[in-house]
Amino acid sequence: MTLTEFLSKEQRRFPKSTGNFTALFTDLVVAAKIVSKAVNHAGLISILGATGETNVQGEEVQKLDEHANEAFVTTMLCGGHLAGMASEEIEGVITIPAEYPKGGYLLLFDPLDGSSNIDVNISVGTIFSILKAPAKKGAVVIDDFLQPGTEQVCAGYVLYGSSTMLVYTTGHGVHGFTLDPTIGEFMLSHEDIRIPSKGTTYSINEGNSRNWHSNTADYIAKVKEDGTKARYVGSLVADFHRNLLKGGVFLYPGDKENPNGKLRLLYEANPLAFIVEAAGGASITATNGHDAERTLDVTPTGLHQRVSLIIGSTDNVEEAASFYNK
Ligand code: P6P
C-alpha cells in the first residue's frame, strides 16, 4: 500500500474530515522526497560541507541544512493549509505571504537533525510536529506555537538512512513507510508500530558524564550493572528509531553545564514523545535535573527552548524516572 492510499484510507475513517490535513501531509511528503534525493546524492553533487554561516542555534550551517529548510518552507508555503511555520533554522515564525491562502494548521520542524553527521554518511533525519492554529485573524505570532505537546494533531520523522523511512502518527497508531526510489513512492512497511515495553539498550553521550547530575550517573551505573547494551549514533532520529523498533531508552538529560540539555522541546522532544506514547512507550523531561515530568505536559516558554529528554520503552523510562524523582 502506498502512503497516498494509506492517507486516503485514514481520512475515510473520519467522515467529517475536509481533506485539508491529507493535502497538507501530501505536501510534506513531497518535501521529504526532495530532501531524501539531496541527502542521497550529497556526495555526488558536492553540496557536502558547511556554508561557513551559523544558524539561530549558533551551529555551523551545513549546505544540506539550508537546502532541507528551503525544501520544506517553499513546498509548504503555498498549499493553503498552514497559518504559519517554525523551523530550527529560523529564529522567528515563518508567516504565510499575503498572496497565498492561509489554513488552520501550524507546522514545526527540524529540517535536518543530526546534520553534523552528513559528511561522514551517518543517518540524519527530519522531525515534524503539526498543531492546530488558534482561530484568530491576522498573522501568527510565536505564542501561537507555544502549545503543550498534548495539543499536537500529528507528529513524525523522516530517517535518511540505508533506506529513507517516514514514520508518523495522528494518535491512532504509529505507521512506517519506506521510500521505493524506483517509483518515488513511500510504501507501507511498518503498520501499527508498538515499542517493546522493555528494551536492553540505552543511548546517552557518555562523553558528558563529567557534568552529569548524580541521578543520571546513578541510573546509568544501574543500567550498566544490569548488562544493558550501549548504542549511541549521535543522530537523534537514528537513535530514536532503533529504540522504537527494538526497545530501549534514549537520554539527553540536563547536566551541570547545560541545565536544560540540548534537544528542542517543540520540534524534537514533543513530536518524538507523541510518537512514542502512541506506540505504547513513554517520555519524560527531568526539569532542573530532577522532578520527572511527562514531556507532553511541559508548558512551552520559547520557540527554541531546550529540554532534557528521557524517552523509549515504558519500563526503562519508568525506572529512569524513579532515579530522577529521588
Ligand atoms: P551530542 C545532533 O546534533 C543532535 O541534535 C541530535 O541529533 C543528537 O541526538 C544530539 O544532537 C547529539 O548530541 O552532544 O551527543 O553530540
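First listed ligand is number 1; within each ligand, the first listed atom is number 1. The figures here come from the full heavy-atom set of this structure, side chains too, leaving out hydrogens, waters and symmetry mates.
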Engineer: Does anything in residues 69-80 pair up under side chain to side chain donor-acceptor pair (under 3.5 Å), and if so which pairs, sequence neighbours excluded?
Structural biologist: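 Sorted pair list: Asn69-Ser87.
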Engineer: Can you name the residues that come within less than 4.0 Å of ligand 1, going by heavy atoms only?
Structural biologist: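 Its neighbours under 4.0 Å (heavy atoms only) are Asp113, Gly114, Asn205, Tyr232, Gly234, Ser235, Leu236, Phe250, Tyr252, Lys262, given by chain and number.
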Engineer: With the threshold set at 4.0 Å, does a side-chain nitrogen-carboxylate oxygen contact exist between Lys222 and Asp226?
Structural biologist: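 Salt bridge: yes.
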Engineer: Can you name the residues that form a side chain to side chain contact (heavy atoms under 4.5 Å, CB included) with Ser283, not counting sequence neighbours?
Structural biologist: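 Residues passing side chain to side chain contact (heavy atoms under 4.5 Å, CB included) with Ser283: Ala273, Val276, Thr295, Leu309, Ile311.
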Engineer: My understanding is that only residues two or more places apart in sequence, or in another chain, count here; which of them pass ring-ring contact (aromatic ring centres under 6.0 Å, His included) with Phe274?
Structural biologist: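 Applying ring-ring contact (aromatic ring centres under 6.0 Å, His included) to Phe274 gives none.
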Engineer: Should the pair Lys326 and Phe323 be classed as cation-pi, given the thresholds of under 6.0 Å to the six-membered ring centre and 45° from the axis?
Structural biologist: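 So Lys326 does make the cation-pi contact.
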Engineer: Would you call Lys136 and Asp144 a salt bridge, using N to O less than 4.0 angstrom?
Structural biologist: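 Counted as a salt bridge, because a side-chain N and a carboxylate O are separated by less than 4.0 Å.
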